[in-house]
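Following: one structure in structure tokens, then a few remarks.
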Amino acid sequence: MSWQRTIECGKLTLTHTGEKVVLNGWVNKVRTFGDLVFVDLRDRTGLIQVVIDNNDTPHLIAAANSLKPETVISLMGEVRKRRAGTENSKLSTGDVEVAAEKIEVLNEAKLLPFTLSDEEQMKQVDETLRVKYRYLDLRRPSMYQMLSLRHKAVKIIRDYMDNQGFLEIETPIISKSTPEGARDYLIPYRLQPGLFYALPQAPQQYKQLLMVAGVERYFQIARCFRDESQRSDRQPEFTQLDVEMSFITQEDVLKLMEEVSIAVVNAVSDKKMTVPFPRFTYDEAMSLYGNDKPDIRFGLTLKDIGEIASTISFHVFAEALANGGQVKAVLYPGGASLSRKELDQLTDFCKQFGAGGLATVSIGSEGMKSSISRFCEANQLAAIAEQCEAKQGDLVCIIAHANKSVVANVLSRLRLEIGQRCGLRSNDRMEFCFVIDFPLVQWNPDEKRWDAEHHPFTMPHEDNLQYIDSDPGKIRAQCYDLVCNGNESASGSIRIHNSEIQAKVFSLLGISAATQKERFGHILEAFSYGAPPHGGFAIGIDRLIMNLMDEQNIREVMAFPKVGPGYDPLMDAPSSVDSAQLKELGLEIVKTDRVNESQNE
RNA sequence: GGGGGUGUAGCUCAGUGGUUAGAGUGCCUGCCUGUCACGCAGGAAGCCGCGGGUUCAAGUCCCGUCAUCCCCGCCA
């Protein structure tokens, strides 16, 4: 008889009773009574209990007792119904077991660095160790489930886009460095030392060129590379659904973003969504939530209490308002019970984002108390409480600052913190919303110039073009984000396809004709040969999967992630290279203490 | 670039400046015929991240350093 399986472990049910089967898989766990041994055999479909009884198969008992976890075996045996009372309802195969008649060890496993069969312990195991032994970590059913869900999500996307007439087209990974945006990963060019390719931060220019090429509907499951600081939702390389369409309006793009998102969520989860996705303008989002990616799973919107604050002779409020700032508040339900120490901690929380302090009004059982009560009358506190719809037991948190963006930033983070503490950020829902009408440009005070909010090819709303000389900050762009549970899920824009408008935007951004030619000459030339109106978006697939799987860290949804600042402990990359390789590339390593140390190791 | 946390047995962790550094789990050995977190008994297993310093005495205190986790800046 061949060693090859006739059926997979997880597929066995009572209907197979009496059949002789061959199984292949890994020994998950051995429970031995000496003369009676139970082996849980695992493959990617599930677990099956194998029984070796010395009374029936004395020739197997020694081998069965010496099986090690994670050893790969082939076994032949008969499927039988479990004895009454010994069924295991936790296993899908728990009504049956296989009585082994032959066991062949295909590859014995040595002792593992961690115990795969203990899911509880695996949740605690050091991240670097798990990534170093990722091929073991991925054997766990929960990790296989992640790979499977990710595969399904991408397949749904491909099928959906195909049905809508989109072509999936690959674009180069070895490409050109772009000075804007994130730091590039560079690849030295051997044939002319001093020149470099760069890995793409996104296939942005290629997809626009495909529109010029008349493709009209492009998509790609695209790998993107950005050399930026590590975060729990960032990796040096990540995957986007990248889309571009021609002869469309913003409305067409939003519709597609919404439909494809809904298709994925419904296909792989039971999570609830509000449909159609609510929309906020950038200004509305900033006003109500203090940021451009509002978590709309809960209310607690920010209230501008500037009018009341202007009647209070508290110098912090007065100075903020006099210098063009704001006084805004957010409600903390149940926050009146916070201790003095907890309030201090909340104040420190606000200070780390730039607030000078935190003013509070609490509505406790003994009436209203406030950190600013000595500056104001009871009716002024009552007016603040009323505007914030505060009830008995609540706390109103007030931030004042001469810089509106500081008020927005601090309160948006405080709002999320409050939402977290009050249990309002449940993962059972995927609350999407669109944020539209972003500013075209943002003033960069350090460089003293206007920077593109999205990128230099973003189309302004045409009726806003009149402000291009007088008040550029007022120009709104045909630029949109899709937000899910407070995280940016997707982002895109309608692009400029008109050279006059493009020239105006370039000059606004202070990009000279010479620079335009040097940096964007190829794409500008392309646009001069008949470019259709076009636009598109990109959805961050890893973050979408994180949301779908309730994972807090992006590593958990990638097969082979990096740890720390871009280190791969499995391959031990990055690593030093042969000096001959460097010489060939015309590169010379400038010695630093750190390089010397690592070479001495 | 900055802030905070962690680093002790294979894994997860405890450890008041003072005997021979412990626990759970895993591993090894023995016993066990209905377990499925099997049970019971025994055993092996440690550069206390690394380097300095303080001290009669450092896993513990101080300085530095490395790694990792989280955050701020950064991420058109």
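FYI, side chains are in, hydrogens and waters are out, and symmetry mates aren't considered; it's all heavy atoms of this structure. We name chains A, B, ... by the order of the sequence lines, and we start the count at 1 in each one.
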Query raised in the report: Between atom CG of L186(A) and atom OH of Y197(A), what is the distance when rounded to the nearest 0.5 Å?
Result: 13.0 Å

Query raised in the report: Taking OP1 and OP2 of rC38(B), is either one under 4.0 Å from a side-chain nitrogen or oxygen of K29(A)?
Result: yes

Query raised in the report: With sugar-phosphate meaning primed atoms plus P, OP1 and OP2, does T86(A) contact a base, only sugar-phosphate, or nothing at under 4.0 Å between heavy atoms?
Result: base

Report task. Round to a whole Å and report the spacing from CD of E119(A) to C1' of rU12(B). Result -> 15 Å

Requested in this report: Find which nucleotide of RNA chain B each of D35(A) and V30(A) is nearest to by heavy atoms, and output the residue with the more 5' nucleotide.
Outcome: D35(A)

Query raised in the report: Per the atom types in the model, does the base of rC75(B) pair as donor or acceptor with the side chain of R226(A) at under 3.5 Å?
Result: no

Query raised in the report: Given rU68(B), is OP1 or OP2 found less than 4.0 Å from the side-chain N or O atoms of Q230(A)?
Result: no

Report task. Just call it for R42(A): base, sugar-phosphate, or nothing, with non-hydrogen atoms closer than 4.0 Å on any strand. Result -> nothing

Query raised in the report: In terms of ring plane angle, is the pair F438(A) and Y282(A) parallel, tilted or perpendicular, where the classes change at 30° and 60°?
Result: tilted

Report summary line: To the nearest angstrom, the CG-C1' distance between L136(A) and rG10(B) comes to 13 Å

Query raised in the report: Is P565(A) touching bases, backbone alone, or none of the nucleic acid, heavy atoms closer than 4.0 Å?
Result: sugar-phosphate

Query - Candidates rG34(B), rG10(B), rC69(B) - which lies nearest the side chain of R80(A) - result: rG34(B)

Query raised in the report: Counting any heavy atom closer than 4.0 Å, what does E120(A) reach on the DNA or RNA strands: base, sugar-phosphate only, or nothing?
Result: nothing

Requested in this report: Using a heavy-atom cut-off of under 4.0 Å over every strand shown, decide if R130(A) touches base, sugar-phosphate, or nothing.
Outcome: nothing

Query raised in the report: Nearest-Å distance, CG (D348(A)) to P (rG3(B))?
Result: 17 Å

Query - Charged tip of K207(A) within 45° of Y218(A) ring normal and under 6.0 Å - result: no

Report summary line: In whole angstroms, the gap separating P of rU35(B) from CG of N65(A) amounts to 17 Å

Requested in this report: Check whether the aromatic ring of F33(A) stacks on the base of rC32(B), taking stacking as ring centres less than 5.5 Å apart and planes within 30° of each other.
Outcome: no

Query raised in the report: Contact class for D227(A) (heavy atom, under 4.0 Å): base, sugar-phosphate, or nothing?
Result: nothing

Requested in this report: Classify the nucleic acid contact of E87(A) as base, sugar-phosphate or nothing, counting any heavy atom under 4.0 Å across all strands shown.
Outcome: base

Report summary line: N88(A) CG to rG34(B) C1', in whole Å, measures 12 Å

Query raised in the report: In terms of side-chain heavy atoms, does Y567(A) have a donor or acceptor partner in D572(A) at a distance below 3.5 Å?
Result: yes

Query raised in the report: Checking all strands, does E97(A) fall into the base, sugar-phosphate, or nothing category for heavy-atom contacts under 4.0 angstrom?
Result: base

Query raised in the report: So which nucleotide from rG1(B), rC70(B), rG26(B) ends up closest to the side chain of S229(A)?
Result: rG1(B)

Query raised in the report: Can you tell me how far the CZ atom of R223(A) sits from the CD atom of Q240(A), to the nearest 0.5 Å?
Result: 11.5 Å

Query raised in the report: Just checking G564(A): base, sugar-phosphate only, or nothing, at a heavy-atom cut-off of under 4.0 Å?
Result: sugar-phosphate

Query raised in the report: Base, sugar-phosphate, or nothing: which does V37(A) touch, judged by heavy atoms less than 4.0 Å apart?
Result: nothing

Query raised in the report: When all nucleic acid strands are considered with a 4.0 Å heavy-atom cut-off, which category describes T178(A): base, sugar-phosphate, or nothing?
Result: nothing

Query raised in the report: Does the rC36(B) base have a donor-acceptor partner in the side chain of R82(A) within less than 3.5 Å?
Result: yes

Report summary line: Among the nucleotides rG73(B), rA37(B), rU33(B), whichever has the atom closest to the side chain of R413(A) is rG73(B)

Requested in this report: Rounded to the nearest angstrom, tell me the gap between atom NZ in K351(A) and atom P in rG3(B).
Outcome: 19 Å

Requested in this report: Have a look at L47(A) and say if it touches a base, only the backbone sugar-phosphate, or nothing, with a 4.0 Å heavy-atom cut-off.
Outcome: nothing

Query raised in the report: How is Q49(A) classified with respect to the nucleic acid when contacts are heavy atoms under 4.0 Å: base, sugar-phosphate, or nothing?
Result: base

Query raised in the report: In whole angstrom, what separates K132(A)'s NZ from rG10(B)'s P?
Result: 13 Å

Report task. Would you mind reading off the distance between L111(A) atom CG and rA9(B) atom C1', rounded to a whole angstrom? Result -> 13 Å

Report task. Could you work out which one of rG10(B), rC74(B), rU68(B) sits closest to the side chain of T115(A)? Result -> rG10(B)

Report task. Tell me whether the OP1 or OP2 atom of rC72(B) has a side-chain N or O from N409(A) closer than 4.0 Å. Result -> no

**Report entry** Distance-only donor-acceptor test (3.5 Å): side chain N55(A), base rU33(B)
**Finding:** yes

Requested in this report: Name the nucleic acid region contacted by R231(A), choosing base, sugar-phosphate or nothing; use a 4.0 angstrom heavy-atom cut-off, strictly under.
Outcome: base

Query raised in the report: Want to settle it: does F114(A) or K562(A) sit nearer the 5' end of RNA chain B, counting the closest nucleotide to each?
Result: F114(A)

Query raised in the report: Is there a donor N/O on one and an acceptor N/O on the other, under 3.5 Å, for the side chain of D118(A) and the base of rU25(B)?
Result: no

Query raised in the report: Is the distance from OP1 or OP2 of rU68(B) to the nearest side-chain N or O of R555(A) less than 4.0 Å?
Result: no

